[in-house]
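Written below as structure tokens is the structure these notes are about.
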Amino acid sequence: QVQLVESGGGVVQAGGSLRLSCAASRRTFSRYAMGWFRQAPGKEREFVTRINGDGGSTHYADSVEGRFTISRDNAKSTVYLQMNSLKPEDTAVYYCAASASTYGSRSRYGYNNWGQGTQVTVSS
């Protein structure tokens, strides 16, 4: 089991930026692919981005490509989500997740460890 704690959410105006962090409890953090998902009120939890264990492979949802960047610091057991050019439709609770598979997944069912989520609100 990996315990995950997100931070960095908040309220920002459209066009602004936020950086989310997700700290993991395991020193074997580099063995886990990591993903970020988000869930808006009344909607399904959706894939945002993922990164493999050494940070060499990333993948993004079309809706955030070019605006969001995922990265990780294995020495700190932390994964980051840099969000730029934020839009009101990015408003959601953002969750990080850990997967024991090599590259993670676009599906929420590919992850078995989840954080508690952090709220991101983008005002127009």
Side-chain angles (χ1 to χ4, degrees):
Q1 282 287 77
V2 180
Q3 293 186 342
L4 303 171
V5 179
E6 301 100 332
S7 62
V11 180
V12 63
Q13 287 190 330
S17 298
L18 280 175
R19 188 175 83 152
L20 306 183
S21 299
C22 173
S25 62
R26 293 288 295 268
R27 286 186 289 180
T28 55
F29 177 69
S30 63
R31 299 180 184 177
Y32 293 85
M34 299 297 295
W36 284 96
F37 288 72
R38 66 187 182 186
Q39 188 166 17
K43 295 188 176 181
E44 295 288 320
R45 190 169 300 189
E46 66 173 1
F47 170 80
V48 176
T49 181
R50 61 171 175 80
I51 189 168
N52 74 329
D54 66 9
S57 175
T58 59
H59 184 70
Y60 297 90
D62 289 345
S63 59
V64 306
E65 179 83 53
R67 299 188 298 123
F68 290 11
T69 303
I70 189 171
S71 62
R72 65 190 298 159
D73 184 339
N74 287 340
K76 296 182 178 180
S77 298
T78 301
V79 64
Y80 304 98
L81 181 64
Q82 177 66 44
M83 305 185 293
N84 298 328
S85 303
L86 282 160
K87 305 175 181 180
E89 51 264 44
D90 294 318
T91 295
V93 177
Y94 283 70
Y95 298 90
C96 70
S99 171
S101 66
T102 300
Y103 291 102
S105 172
R106 292 178 60 94
S107 168
R108 60 180 296 185
Y109 300 107
Y111 301 83
N112 54 4
N113 295 277
W114 291 84
Q116 82 288 350
T118 186
Q119 177 71 46
V120 172
T121 302
V122 184
S123 62
S124 57

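Side-chain contact between F37 and V93: absent, with no pair of heavy atoms (C-beta onward) separated by less than 4.5 Å. By the 4.5 Å heavy-atom criterion applied to side chains, V48 and F68 are counted as neighbours.
Using cut-offs of 30° and 60° for the angle between ring planes, the Y95 and W114 rings count as perpendicular.
Between the side chain of Y111 and the backbone N or O of S105, at least one donor-acceptor pair lies under 3.5 Å. The backbone N or O of S77 sits nowhere less than 3.5 Å from a side-chain atom of N74 that would complete a donor-acceptor pair. Although no hydrogens or angles enter the test, the distance criterion places a donor-acceptor pair under 3.5 Å between the side chain of E6 and the main chain of C96. S30 contributes no side-chain N or O that, together with a main-chain N or O of G53, makes up a donor-acceptor pair within less than 3.5 Å. The main-chain N or O of V5 is never found under 3.5 Å from a side-chain atom of Q116 such that the two would form a donor-acceptor pair. Between the side chain of R72 and the main chain of A33, no donor-acceptor pair closer than 3.5 Å is present. When atom types are taken as modelled, the side chain of R50 and the backbone of Y103 share a donor-acceptor pair closer than 3.5 angstrom.
In this structure, R31 places its CZ atom where only 12 or fewer heavy-atom neighbours from other residues, nucleotides or ligands lie under 6.0 Å away.
Shown here for S17 and S85, the closest heavy-atom pair between the two residues is OG-N, 4.4 Å. Of all heavy-atom pairs spanning N52 and T102, the tightest one is CB-O, 3.4 Å. Here the closest heavy-atom approach between residue L4 and residue A24 is recorded as CD2-CB, 3.7 Å. The shortest non-hydrogen separation linking K76 to T78 is O-OG1, 2.8 Å. Summarising the geometry of A92 relative to A40, their closest heavy-atom pair is CB-N, 3.8 Å, with the distance given to 0.1 Å. Across all non-hydrogen atoms, the minimal contact from D73 to F29 is O-CE2, 4.3 Å.
Separation of atoms OG1 (T69) and CD (E65) is listed at 9.0 Å; rounding is to 0.5 Å. To the nearest 0.5 angstrom, L86 atom CG is 10.5 Å from T121 atom OG1. In this structure, CD in E46 is found 9.5 Å from CD in Q39, a value given to the nearest 0.5 Å. Separating the CD1 atom in I51 from the NE2 atom in H59 is a distance of 13.5 Å, to the nearest 0.5 Å.
Counting only residues at least two apart or on different chains, the salt bridge (charged side-chain N to carboxylate O under 4.0 Å, His left out) pairs with a member in residues 87-96 are R38-D90, R67-D90.
The hydrophobic cluster containing Y80 does not contain M34, counting ILVMFWY residues as joined when their side-chain heavy atoms lie under 4.5 angstrom apart, directly or transitively. One hydrophobic cluster holds both Y32 and I70 under the rule that ILVMFWY side chains link at heavy-atom gaps under 4.5 Å. Residues V79 and F47 are members of separate hydrophobic clusters, defined by side-chain heavy-atom contacts under 4.5 angstrom among Ile, Leu, Val, Met, Phe, Trp and Tyr.
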Stepwise side-chain hydrogen bond (donor to acceptor under 3.5 Å, both in side chains) check, S101 with S99: CA-CA 5 Å; S101 66; S99 171; 2.7 Å; yes
